[in-house]
There are 2 protein chains.
Amino acid sequence: MSTIDQSLILLINLSKAQAVVSRRFDKLNIYGIGFTEFIILYLLHESAEGKLRRIDLAESTGLTASGVTRLLLPMEKTGLVGREADKRDARVSYATLTDAGKQIFSNTKNAAENLAAEILPPDKLKKADQLIGLLAGL
Amino acid sequence: MSTIDQSLILLINLSKAQAVVSRRFDKLNIYGIGFTEFIILYLLHESAEGKLRRIDLAESTGLTASGVTRLLLPMEKTGLVGREADKRDARVSYATLTDAGKQIFSNTKNAAENLAAEILPPDKLKKADQLIGLLAGL
DNA sequence: GCAATATAATTGAGTACTCAAGTATATGTC
DNA sequence: GACATATACTTGAGTACTCAATTATATTGC
């Protein structure tokens, strides 16, 4: 018998789940990137022009602007991500997906999907579309 | 149209959601504790004898043993948590919930529940018992 | 045009954790 | 009992982030 609300229990479980998932995804390191880097590559890959403003990456990942800056620096150094100014807004700096970045994303994608399927077997997702919607809405 | 599996998308969303939640729960700081500390107090409060082995706390929170040690140290210093040896196993050190800890948990609980309800309105949880199960199983 | 306010990105410093190594103890097998 | 292996916890060092402050630029309202 629990003494706190379901919402809170769910968020507590969420916190623990994320820690577990994060550790499991450390395996991506063999491809030279971590989970967060993989997410960045995915987001850039999915974007309309293979580029996104840093502030958009921050929003999509839940990181702060500062966190994105720090995450992108080594990725720029290793050539996975480029940088592009915006013609109309001097404040903006785009992160762009390089060919090397596409390659790494490609190489890594299957491993990431396999990991995800281990953690969340697809049959368990039948009724979890709500979960996706719920989490995506946060 | 996404180019990766649903499982992976869900885990990416999970990661972002946790970051957002974590930041929202920073508000608990006015009670002198953070979200993780709150979780510890909750787990101890729910335990049969108001005490848990550190390794159990690590398992339940998703932290490492080392993380638990570091988290509990300031909590012991402020008196929220005590420490107790095990009569039969000299390796074990229990974390115990002190009266001060109970008080803080009590004081904080409503705030935490309100925050959780803001983030996850209870009506959105109708079919979410599965979600809880899914996350708890990780 | 100007000032107030908002936005985007970066940097310095701090925080909350993990990993790896180490110590002490328990367990299982011979 | 001896030894190999496993378990629980702690500590040193490193990692991945956040917050706060700053700079530059854009937007809004007068």
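Each chain gets a letter, A, B and so on, in the order its sequence line appears, and its residues count up from 1.
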| task | Identify, between B:Arg88 and A:Tyr94, the residue whose nearest nucleotide on DNA chain C lies closer to the 5' end. | result |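 Final value for this comparison: A:Tyr94.
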| field | Residue whose closest nucleotide on DNA chain C lies nearer the 5' end, A:Asp89 versus B:Glu37 | value |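 Comparing both residues, the 5'-ward one is A:Asp89.
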Any side-chain N or O of [X] less than 4.0 Å from the OP1 or OP2 oxygen of [N]?
X: B:Thr36; N: C:dC17; answer: yes
X: A:Thr64; N: D:dT18; answer: yes
X: B:Arg23; N: D:dT18; answer: yes

Measure the distance from [atom1] on [X] to [atom2] on [N] and round it to the nearest whole Å.
X: B:Lys87; N: C:dA26; atom1: NZ; atom2: P; value: 15 Å
X: B:Lys16; N: D:dA16; atom1: NZ; atom2: C1'; value: 19 Å
X: B:Glu84; N: D:dA8; atom1: CD; atom2: P; value: 17 Å
X: A:Leu57; N: C:dA8; atom1: CG; atom2: C1'; value: 13 Å
X: A:Met75; N: D:dA16; atom1: CE; atom2: P; value: 12 Å
X: B:Leu52; N: D:dC9; atom1: CG; atom2: P; value: 11 Å
X: A:Gln18; N: D:dC17; atom1: CD; atom2: C1'; value: 11 Å
X: A:Asp56; N: C:dT7; atom1: CG; atom2: C1'; value: 12 Å

| Are A:Arg88 and A:Asp86 ion-paired here, with the side-chain N under 4.0 Å from a carboxylate O? |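 Not counted as a salt bridge, because no side-chain N and carboxylate O are separated by less than 4.0 Å.
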| query | Is a salt bridge present between A:Glu76 and A:Arg54, judged by a nitrogen-to-oxygen distance below 4.0 Å? | reply |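 So A:Glu76 pairs with A:Arg54 through a salt bridge.
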| task | Report yes if some heavy atom in the side chain of A:Asp26 is under 4.5 Å from a heavy atom in the side chain of A:Arg23; otherwise report no. | result |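 Sidechains of A:Arg23 and A:Asp26: in contact.
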| said: Quick check: do A:Thr36 and A:Leu63 have side-chain heavy atoms less than 4.5 Å from each other? | reply: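 Side-chain contact under 4.5 Å: yes.
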| request: Report yes or no: is there a donor-acceptor pair, N or O only, under 3.5 Å between the side chain of A:Ser66 and the base of D:dC19? | output: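 By the distance-only test, yes, there is a pair.
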| message | On the side chain of B:Arg70, is there an atom forming a donor-acceptor pair with the base of D:dG12 - under 3.5 Å, no angle test? | response |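 It does, because a donor-acceptor pair links the side chain of B:Arg70 to the base of D:dG12 below 3.5 Å.
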From the list [options], which nucleotide is the closest neighbour of the side chain of [X]?
X: A:Arg54; options: D:dC9, C:dT25, C:dT10; answer: C:dT10
X: B:Arg91; options: C:dA9, C:dT18, C:dA26; answer: C:dA26
X: B:Leu63; options: D:dC17, D:dT10, C:dC17; answer: C:dC17

| field | B:Leu73 or B:Arg53, whichever maps to the more 5' nucleotide of DNA chain D | value |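 Mapping each residue to its closest nucleotide by heavy atoms, the 5'-most match is B:Arg53.
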| Heavy atoms under 4.0 Å, any strand shown: does A:Thr69 hit a base, just sugar-phosphate, or nothing? |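 Contact class for A:Thr69: base.
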| task | Tell me what A:Ala65 touches on the nucleic acid: a base, only sugar-phosphate, or nothing, going by heavy atoms under 4.0 Å. | result |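 Base contact.
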| field | Pair B:Phe105 + B:Phe38: ring centers closer than 6.0 Å | value |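 When the ring centroids of B:Phe105 and B:Phe38 are compared, they turn out to be within the sub-6.0 Å range.
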| Are side-chain N/O atoms of A:Thr3 and B:Glu46 paired as donor and acceptor at under 3.5 Å? |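 Per modelled atom types, A:Thr3 and B:Glu46 side chains form a pair under 3.5 Å.
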